There are 2 protein chains.
Amino acid sequence: MPERPKSRETGREIGREFGLPTLLPLSEHTVPARRVIFRQRDVHESVPFICSGWAATAVTLSDGSRQILSFLLPGDMVSASLLFGSTAHCSVEAVTDVHYCCFDRDDLKASLLSGPDLIEKLSRIWLERKLRAVELAVDLGRRTADERIARLILGLRDRLAARGMTQGQTMDFPLRQHHVGDATGLTAVHVSKVLSEFRRRGLIEINDRSLTILNPGEFQRVATMR
Amino acid sequence: MPERPKSRETGREIGREFGLPTLLPLSEHTVPARRVIFRQRDVHESVPFICSGWAATAVTLSDGSRQILSFLLPGDMVSASLLFGSTAHCSVEAVTDVHYCCFDRDDLKASLLSGPDLIEKLSRIWLERKLRAVELAVDLGRRTADERIARLILGLRDRLAARGMTQGQTMDFPLRQHHVGDATGLTAVHVSKVLSEFRRRGLIEINDRSLTILNPGEFQRVATMR
DNA sequence: CGGCCCTTTGACGGACGTCAAATAGCGTGG
DNA sequence: CCACGCTATTTGACGTCCGTCAAAGGGCCG
């Protein structure tokens with residue numbers, strides 16, 4: 001068995017994204033790495049939040065190719081769609097071992113819509129997700145492999161840093177190269193070549209599921225070449 | 001001067017997306033084709049709706065390359081982001097001559113949040129936009145040029161059909177090949193080659209800013225190969 | 001020890017971009 | 001009216017980026 005989640009920080013983590021008053025989870029779950037949590041067509045009456053671990057939302061095409069739409073980090077609501085509809089339009093897979101909690105949709109919606117304060121919070125979440133969706137489309141449509149991969153790494157770094165989950169230029173990096181490829185519209189083989197090149201240029205270092213940015217300035221430049 | 005918008009169907013068109021009670025527009029505007037309506041950094045206190053014509057939302061990178069995120073058709077809210085924030089994160093350009101109306105954000109938000117009915121409508125709009133964003137990412141990340149272009153055309157066909165703006169398999173198609181390229185992450189030159197191939201295969205016909213799907217079954221198959 | 005997954009590396013191929021030239025259309029101004 | 005300038009489209013030759021295929025090695029766990 002792989003390592004277990006260290007603590008159950010449900011209240012605090014949910015607090016990160018919502019600042020919700022204490023709301024009791026309907027259920028809690030722990031799933032091992034690589035397990036599918038939900039399928040694209042699943043119907044839900046509750047809204048899950050990631051408490052620990054990393055997950056990915058993805059769409060799979062009939063030929064087996066896959067597009068990862070986002071990585072979910074501790075504290076993230078699995079899909080804002082689920083607040084209003086009962087289907088998320090995409091599947092969710094555990095990248096590491098994942099612990100998550102489900103809240104009743106109607107309860108959650110009710111407490112969100114109760115105060116103008118919380119509506120603002122909800123809209124901020126929507127705006128941030130929309131911004132990420134725009135960035136993803138621009139990256140996939142208009143950027144090279146180098147840029148896409150560097151931007152993926154920097155985006156994750158920023159989100160982890162906002163949670164206090166980085167140590168200087170070092171961060172957890174549990175993604176397989178296959179995940180990176182599916183998130184950037186590339187193949188795992190090509191991801192390997194690009195990462196090797198990044199290492200050769202002294203930009204980053206990856207050891208034991210941990211990534212360090214050795215040359216932040218230059219790495220940022222690679223991510224922002226256009 | 002190119003043709004002018006035939007009528008000012010503000011009320012009815014806004015009705016299409018929102019079913020709003022009559023709400024007076026703050027202002028109305030007419031802009032000629034190819035004109036930029038808003039820039040990425042513009043700050044707005046009002047929410048614009050397209051009354052007639054086609055527009056495009058896009059992000060432009062510093063090297064001049066551009067990613068079109070969506071085409072806006074009559075009745076569309078220009079950006080749902082503007083309901084909650086004062087910046088749309090993308091620019092908006094007129095594809096054809098465009099007539100649009102702006103509503104006061106606070107008025108619009110207030111009437112949307114007044115009834116649970118309208119909140120449901122708003123969330124349906126968010127869900128549809130999110131679904132389109134997901135489709136865009138999958139298309140850009142995982143589909144070939146043929147598929148992307150066929151899917152763009154079919155997506156527009158469906159949206160026009162929902163407005164009663166198609167005649168059988170024929171629809172207005174005011175897009176330049178440059179627009180198609182910017183929307184699909186391709187170059188205008190490659191778009192030309194793909195469209196020529198579509199014509200050679202008897203799939204579609206384009207004349208005078210009008211597009212006809214000659215072989216719907218086969219064209220659908222091209223769009224759904226995986 | 002033996003699978004399995006992950007990663008790396010190289011050779012090769014294909015899809016799409018770049019560059020260039022030719023043509024057509026369209027609106028403007030003389 | 002024609003001349004012109006600009007934009008859009010088409011087509012071909014060629015180049016590049018990234019995918020595909022294959023082989024080999026390492027780490028992990030039964």
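A, B, ... follow the sequence lines: proteins, then strands. Residue 1 opens every chain. Worth knowing before you read on, the calculation uses all heavy atoms, side chains too, and leaves out hydrogens, waters and symmetry mates. Model, not experiment: these values are computed from the prediction.
Within 4.0 Å of A/Ser196, counting heavy atoms only, lie sugar-phosphate atoms of the nucleic acid but no base atom. Among the protein residues, B/Gly185 comes within range of the sugar-phosphate backbone only, with heavy atoms under 4.0 Å from sugar or phosphate atoms but none that close to a base.
Summarising the geometry, the separation between CG on B/Asn207 and P on C/dG25 is reported as 12 Å, rounded to the nearest angstrom. When rounded to the nearest whole Å, the span between CD of A/Glu197 and C1' of C/dT8 equals 14 Å. In this structure, A/His190 places its NE2 atom 15 Å from P of C/dC16, rounding to the nearest Å. Counting to the nearest Å, the C1' atom of C/dC6 and the CD1 atom of A/Ile206 are 13 Å from each other. One can place CZ of B/Arg143 at 17 Å from P of D/dG19, the figure rounded to the nearest angstrom. Across the protein-nucleic acid pair, B/Arg200 atom CZ and D/dT11 atom P stand 11 Å apart, rounded to whole Å. In this structure, B/His178 atom NE2 and C/dT18 atom P are separated by 11 Å, rounded to whole Å. Residue B/Arg176 contributes atom CZ, which lies 10 Å from atom C1' of C/dG25 at whole-angstrom precision.
Distances from the side chain of A/Ala145 to the nucleotides D/dC18, C/dC6, D/dG12 place D/dC18 closest. Distances were taken from every side-chain heavy atom of B/Gln177 (C-beta onward) to each of D/dT9, C/dG10, C/dC5; the shortest belongs to D/dT9. Closest to the side chain of B/Thr144, from the set C/dT9, C/dC16, D/dT9, is C/dC16. In the set C/dG17, C/dT7, D/dT9, the nucleotide with an atom closest to the side chain of B/Leu186 is C/dG17. With C/dT18, C/dC6, D/dC18 as the candidates, the nucleotide lying closest to the side chain of B/Lys193 is C/dT18. Checking D/dG19, C/dC6, D/dT10 against every side-chain atom of A/Thr187, the shortest atom distance belongs to D/dG19.
Of the residues in residues 147-157 of chain A, not one comes within less than 4.0 Å of DNA chain C through any heavy atom.
Shown here is B/Arg34, whose CZ atom has no more than 12 heavy atoms of other residues, nucleotides or ligands within 6.0 Å. Enclosure of atom CZ in A/Arg226 by more than 12 non-hydrogen atoms of other residues, nucleotides or ligands within 6.0 angstrom is indicated. The 12-atom threshold is not exceeded at CZ of A/Arg39, counting heavy atoms of other residues, nucleotides or ligands nearer than 6.0 Å. Within a 6.0 Å radius of CZ in B/Arg201, more than 12 heavy atoms belonging to other residues, nucleotides or ligands are found.
Between the side chains of B/Asp63 and B/Ser65, at least one donor N or O lies within less than 3.5 Å of an accepting N or O. Of the N and O atoms on the side chains of A/Thr144 and A/Asp146, not one donor lies less than 3.5 Å from an acceptor on the other residue.
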Candidate pair A/Arg132 and A/Glu128, rule salt bridge (charged side-chain N to carboxylate O under 4.0 Å, His left out), full reasoning: CA-CA 6 Å; A/Arg132 290 231 307 269; A/Glu128 191 217 314; 3.0 Å; yes

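Nucleotides of DNA chain D nearest to B/Ala188 and B/Arg142 differ in position, and the one nearer the 5' end is that of B/Ala188. The nearest heavy atom of DNA chain D to A/Asp146 and to B/Arg34 marks one nucleotide each, and the one closer to the 5' end goes with B/Arg34.
Evaluation of the ring pair (Phe, Tyr, Trp, His ring centres under 6.0 Å) rule for A/His89 yields no partner, not counting sequence neighbours.
For D/dT10, the OP1/OP2 oxygens have a side-chain nitrogen or oxygen of B/Ser192 closer than 4.0 Å. Within the structure, a side-chain polar atom (N or O) of B/Arg209 is placed less than 4.0 Å from OP1 or OP2 of D/dT9.
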